[in-house]
Number of protein chains: 2
Amino acid sequence: MQAADDARPGLWARSRQRAYDEITEVAMDLFLANGFAQTTIDEIVAVAGISRRSFFRYFGTKEDVVLDHFIADGAVLRAALERRPDGEDIWAALRGAVFSLAGEVPDEERLLAVSRMMYETPSLRARSMEKHLHWYDHLAPEVERRLGAGAGGKLRARAIVGCVVTCLDLAGEAWLQDGAAAPLETYFDAALNAIRRPLPTRPSPPG
Amino acid sequence: MQAADDARPGLWARSRQRAYDEITEVAMDLFLANGFAQTTIDEIVAVAGISRRSFFRYFGTKEDVVLDHFIADGAVLRAALERRPDGEDIWAALRGAVFSLAGEVPDEERLLAVSRMMYETPSLRARSMEKHLHWYDHLAPEVERRLGAGAGGKLRARAIVGCVVTCLDLAGEAWLQDGAAAPLETYFDAALNAIRRPLPTRPSPPG
DNA sequence: CGCCTGCTGGCACTGGGTGTCAGCTAGGCA
DNA sequence: TGCCTAGCTGACACCCAGTGCCAGCAGGCG
């Protein structure tokens, strides 16, 4: 057995990545053309030219095809959070971490279509939230560390992460409904401001 | 055809309710004894003495058996919210509405076991969150009405509801982990206080 | 009594997901 | 160069949740 932590991008790994990408592309095309629920695994594997069994070696569920390249991995997010400066306000740090992962969007039209599918398909939303739950476990410890020791620190940290995630989800919903009229950050900030208490009288008003 | 809104507790309706209750009891016993995922519909219907097909006439999915008597219906929650006094703070109103629905708990041990099952079974958590999503649509309009007109009122209302639901979920998690050491309200308040800005009444001294 | 309505069981079927096995191929090693 | 094995693959047989359909039966009513 080889050390698992030793990165070795051999021919197999590359071939596997190619297959993974190809299945994803084929499946997404079918989903967008005919709808997620209406597309069966059999159709996907027929077009992709692989066996039904192999499909499930790449993706645990049908939903994962959509979510794997849409929902960031918890570990990646945590790494992004750890890169934030240590003294930063916790809300700003989480915000920065989340949006630092947003990459370039080559095809906004397609992104909108995929997003719409995500929000309209119950099984996809459910599974995406399941993935969001995973975020809690990755992010909460780092949040707790930044907040410092305190009674009920765990619940406190999870609540903060939970609200950020919820606001992000709702921001996406609003962003989608507006047809991406404004950047996602705008909606996110609006949502977050709605739930936090109004700012106390600031000692240093902006000039 | 009879008017659907005309309540008619005839023999049929009562018999149906009896069957519903009996299936629920049988299924819950099996779930708690052998685990949710490990219990098949076939086992349930065998013990309950009904056909497989009839089971799905009472419950849309296997998960619904657990959730129907655990997750409050959105319409019921909205009604509870509408009963709150009109001038009440929106957070207090939501809190009051949610906890006004909590009934008597005859068997705390069983409640804990069911809760544990809920939080440990991915498909149950996923579907429970799906039901929570339904809450948004029911509660947000009333929240928006109470907040009064304003820019981005819809997102604002949904964010508030979303955070209350998230905190409730996380409170339940903490409550469960503590073995119900304190009432759920305590955890809920702690979670909500964590996400809102500190009260502007007085600058808190560093302790 | 006969009629309608709505529930019921039985059956066949779809579709997602898993276990197993035999066959193939990349790459290490002698 | 040729063997060996680790890891991939397709094929087949399953399991189980959920649905459509149909025939039969029981409650409610004129």
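Order of the sequence lines fixes the chain letters, A, B, ..., with proteins taken first and strands second; residue numbering starts at 1 for each chain.
Salt bridge B:D68/B:K131: present, at least one basic N to carboxylate O contact under 4.0 Å. Remark: B:R78 does not engage B:D137 in a salt bridge, criterion side-chain N to carboxylate O under 4.0 Å.
Taking atom CD of residue A:Q17 and atom P of nucleotide D:dG7, one finds them 18 Å apart after rounding to whole Å. The distance from atom CZ of B:F55 to atom P of C:dG9 is 13 Å, rounded to the nearest whole Å. What separates CD1 of A:I41 from P of C:dG15 is a distance of 11 Å, to the nearest Å. Atom CD of B:Q38 is separated from atom P of D:dC16 by 11 Å (rounded to the nearest Å). Rounded to whole angstrom, the span from the CZ atom of A:R57 across to the P atom of D:dA11 amounts to 11 Å. Atom CZ of B:R52 and atom C1' of D:dG20 are 13 Å apart (whole Å). Counting to the nearest Å, the P atom of C:dG16 and the CG atom of A:D64 are 14 Å from each other. Look at CZ on B:R53: it is 11 Å from P on C:dT8, rounded to the nearest Å.
A tilted orientation is assigned to the rings of A:Y20 and A:Y58, their planes being inclined by 30° to 60°.
Among the protein residues, A:Y58 comes within range of the sugar-phosphate backbone only, with heavy atoms under 4.0 Å from sugar or phosphate atoms but none that close to a base. Residue A:T39 is classed as a sugar-phosphate contact, given heavy-atom separations below 4.0 Å to backbone atoms only.
Side-chain atoms of B:R16 lie closest to C:dT8 of the nucleotides D:dA17, C:dT8, D:dT9. Residue B:I50 has its side chain nearest to C:dG9 when only D:dG18, D:dG10, C:dG9 are considered.
Between B:Y20 and the phosphate of C:dC7, there is no side-chain N or O to OP1/OP2 separation shorter than 4.0 Å.
Looking at heavy atoms from C-beta onward, B:R95 lies out of side-chain contact with B:E88 at the 4.5 angstrom threshold.
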